[in-house]
Structure formats: C-alpha cells, structure tokens
Amino acid sequence: MSLLELIAAADERGLAASAVACLDRCLPQPVGGADPDPLRPLWAGCADAAAWPGRLADVRAALDAAADEEGAAPRIRKLLGEAPADRAAPELREWADACSLLALEVHLDPDTAPGAGTESARRCREGDPDGAGPLPAGELRRQISVLEMLAGTADAASAGAGLRQVLEVSAEGQRVLRAAVSRRARRDPDEAP
C-alpha cells in the first residue's frame, strides 16, 4: 500500500499518532533550556481520545511560549494550531495528511529546486520515492512503518505497545534528521536553518 492509501485506511488513533510522530521527527534541536520533548504530552492524547483536547491545548501553549523560529518549528506550530480538538472530527485525516507532507518536505535536500520539493514529496506519498534522496526515502519508510504498526495494534490490549513502538521509530527518525541538519550546517554554515 502507498502512504496515501495507509492514511486513508487509518483509524482515529492511527491518524493522531502518525501525525504527532511526523511533527515530533521534524522538531529542531532544542536550544538553551528549551523542553527537549515538547510534544510528549500529546502522545497521551493519542492513547486516550478524551485526553486529546487538553493535551493539544497544553502543547500549543508550550510551543507558542517557546516561539522558536528555527527550522520547521513555525510550520509545526501552524499545524498544531490547525489540529482538530475532536479526534473524531473528519478534519483529523486532513490534518494527518498535512503533517505527513510537512515531514517529507523537511527531509528533502535543501538543494532541491524551488517547487520540486512538493512534487517529490507527492511522488513519495504515492509510492514512487525514486530520486527523492535517502532522507525522504527513509522518512517515507518510517511513515509507512508507523501506520502499519498502528493498524496491527488496533485492539485495546496492544494499543499501548503500538504507541511505544511508534515513539521509538519517531525518536530514531528525529536523531537521523538532526544529524543530517547538523552535517549540513557544518558543510554550509551560511545555509543553516
């Protein structure tokens, strides 16, 4: 299945968790005394739909207070502002789709021609990662893996284990992206995000 097909088939828990995982992987390296894991409260909202609205409000407030303008942080804040407070809302699928697209775009090579990034991300999501590069191809694999894990742990007995696995995949992806951004900054100090 393509990533778009998996998003279309995902349940509410899967959509919420995959979206949060996408945003989590894109967070820039925290600076100073910033919270190293500002989306952590929202993971609990992925497990418990009743906790989602409160956790979403907490995360929005924390990221707004941080006012980080580095990397993808402004786009993450914008997407969190657009997240539906009701996990049962039809807008959840659209929001998860937008988070998926952002994650792929963030992983694209900064040398990609303007406008080509969105096209490359679209092709990846349709199942054609050729020419996208190793970072977006790895992100595509992570997104597919996350949605498949969540679909495989939809029953209540294994739901918590599924979210823990997703959190581990997300943390790994975050480390990969941060290392790549760090290498780029050392290579091209004038073009650091």
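Along the sequence shown, residues are numbered consecutively beginning with 1.
For the residue pair Ser182 and Arg186, a side-chain donor N or O sits within less than 3.5 Å of a side-chain acceptor on the partner.
The line from CD of Glu172 to CD of Gln174 is 10.5 Å long, rounded to the nearest 0.5 Å. Rounding to the nearest 0.5 Å places CD1 of Ile144 at 11.5 Å from CE of Met149. How far CD of Glu148 is from CG of Leu3: 10.0 Å, rounded to the nearest 0.5 Å. Interatomic distance, Leu23 CG to Arg75 CZ, rounded to the nearest 0.5 Å: 10.5 Å. The distance from the CG atom of Leu108 to the CD atom of Glu105 is 7.0 Å, given to the nearest 0.5 Å. Remark: Glu12 CD to Arg93 CZ distance equals 8.5 Å, nearest 0.5 Å.
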Open item on the list: Leu42 vs Leu56, test: side chain to side chain contact (heavy atoms under 4.5 Å, CB included). Steps then yes/no.
Closed with: CA-CA 6 Å; Leu42 202 48; Leu56 181 59; 4.0 Å; yes

- [ ] Apply the test side chain to side chain contact (heavy atoms under 4.5 Å, CB included) to residues Leu27 and Arg178: give CA-CA distance (whole Å), side-chain angles for both, the deciding distance (0.1 Å), then the verdict.
- [x] CA-CA 9 Å; Leu27 283 170; Arg178 286 180 178 175; 4.1 Å; yes

TODO: For side chain to side chain contact (heavy atoms under 4.5 Å, CB included), just list the numbers for Leu63 and Leu39, CA-CA rounded to whole Å, side-chain angles, deciding distance to a tenth of an Å, and then say yes or no.
DONE: CA-CA 9 Å; Leu63 285 178; Leu39 298 184; 4.0 Å; yes

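Each of Leu4, Leu6, Ile7 was scored for a side chain to side chain contact (heavy atoms under 4.5 Å, CB included) with Ser100, with one residue passing: Ile7.
Ala96 approaches Ser18 most closely through the heavy-atom pair CB-OG, 4.5 Å. Shortest non-hydrogen contact noted between Leu177 and Cys26 is CD2-CA, 4.0 Å. Scanning all heavy atoms of the two residues, the minimum distance from Pro136 to Leu104 falls at O-CD2, 3.5 Å. Residues Glu139 and Ala103 come closest through the heavy atom pair OE2-CB, 3.3 Å. Among all heavy-atom pairs drawn from Trp95 and Ala19, the shortest one is CZ3-CB, 3.3 Å. Pairing each heavy atom of Leu79 with each of Ala98, the nearest pair is CD2-CB, 3.7 Å.
Counting only heavy atoms from C-beta outward, the side chains of Arg87 and Asp48 never approach each other to under 4.5 Å. Side-chain contact between Leu163 and Leu150: present, with at least one pair of heavy atoms (C-beta onward) separated by less than 4.5 Å. Residues Leu80 and Asp64 form no side-chain contact, since every pair of their non-hydrogen atoms from C-beta on lies 4.5 Å or further apart. A heavy-atom distance below 4.5 Å is found between the side chains of Pro41 and Arg55.
Linking ILVMFWY side-chain heavy atoms closer than 4.5 Å, directly or via other members, places Val146 and Leu101 in two distinct hydrophobic clusters.
Between the side chain of Gln143 and the main chain of Cys22, no donor-acceptor pair closer than 3.5 Å is present.
A salt bridge links Asp97 with Arg125: the closest approach of a Lys/Arg side-chain nitrogen to an acidic carboxylate oxygen falls below 4.0 angstrom. Between Glu168 and Arg164, none of the side-chain N atoms (NZ, or NE/NH1/NH2) sits under 4.0 Å from a carboxylate O, so this pair counts as no salt bridge.
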